[in-house]
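The block underneath contains the structure these notes are about, expressed in structure tokens.
As a basis for the values below, the full set of heavy atoms in this structure was taken, side chains included, without hydrogen atoms, waters or symmetry mates. Just so it is clear, the model here is predicted, and its values are computed rather than measured. We count residues from 1, following the sequence as given.
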Amino acid sequence: MDMRTAATRDPDPEAVEFIRFCYRRRRVGWPELYDEMCAVAARGLFRGLVTDDLAAHGIGFSLFDTPALAALSASIVVEEQAARRPMTVVITPAAEDVPADAAPDITSIDVPVDRVIARPPVEPIRGSETSVRLVAVPAGA
């Protein structure tokens with residue numbers, strides 16, 4: 001892979017999936033991810049593809065291919081980390097004056113799903129006078 005052309009062309013989907021596979025096995029950054037990719041390629045753990053097969057998809061492990069592989073890996077790691085945004089769960093007693101069916105209809109709102117807090121109806125737990133309502137809240141909120 002030439003570093004000058006690697007940034008201007010779309011990477012092979014098989015190469016992207018290989019890097020995602022390796023990152024999901026060990027969620028580490030560069031250069032530990034490079035070590036994992038070498039181990040996976042040497043054993044053929046990704047769809048039976050070994051080093052030579054991956055070279056045909058644009059994954060090279062030589063010294064000259066490393067900068068392009070590092071750049072592609074970094075972009076994929078950023079995507080994977082964004083997809084795994086942490087969530088905070090807050091458990092609070094249900095307010096008595098809020099009706100259980102007051103949850104917004106999230107299908108008709110033009111707000112990103114991670115910004116909408118849905119409050120589904122909650123039935124009280126048997127033997128308990130307090131109902132518990134679990135609401136997913138983005139971390140840092």
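Looking at every heavy atom in both residues, Gly48 comes nearest to Asp53 through O-OD2, 4.0 Å. The two residues Val50 and Gly44 make their nearest non-hydrogen contact at CG1-CA, 4.1 Å. Of all heavy-atom pairs between Ala42 and Thr51, the closest is N-OG1, 4.5 Å.
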For this session: Take Phe18 and Val40 through the test side chain to side chain contact (heavy atoms under 4.5 Å, CB included) and record every step on the way to the result.
Result: CA-CA 9 Å; Phe18 170 75; Val40 168; 3.7 Å; yes

TODO: Quick one: do Met37 and Leu54 satisfy side chain to side chain contact (heavy atoms under 4.5 Å, CB included)? Show the steps, please.
DONE: CA-CA 11 Å; Met37 288 190 281; Leu54 291 167; over 6 Å; no

### Message
Applying side chain to side chain contact (heavy atoms under 4.5 Å, CB included) to Trp30 and Val77, what does each step give before you reach the verdict?
### Response
CA-CA 9 Å; Trp30 195 264; Val77 166; over 6 Å; no

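Note that the SG atom of Cys22 and the CG atom of Asp35 stand 11.0 Å from one another [nearest 0.5 Å]. The distance from the CG atom of Leu33 to the OG atom of Ser73 is 5.0 Å, given to the nearest 0.5 Å. Atom CG of Asp52 and atom CD1 of Ile59 lie 13.5 Å apart (nearest 0.5 Å).
With sequence neighbours excluded, the residues satisfying salt bridge (charged side-chain N to carboxylate O under 4.0 Å, His left out) with Arg20 are Glu17, Glu79, Glu80.
By the 4.5 Å heavy-atom criterion applied to side chains, Tyr34 and Leu69 are counted as neighbours.
Aromatic ring orientation, Phe46 versus Phe21: tilted (interplanar angle from 30° to 60°).
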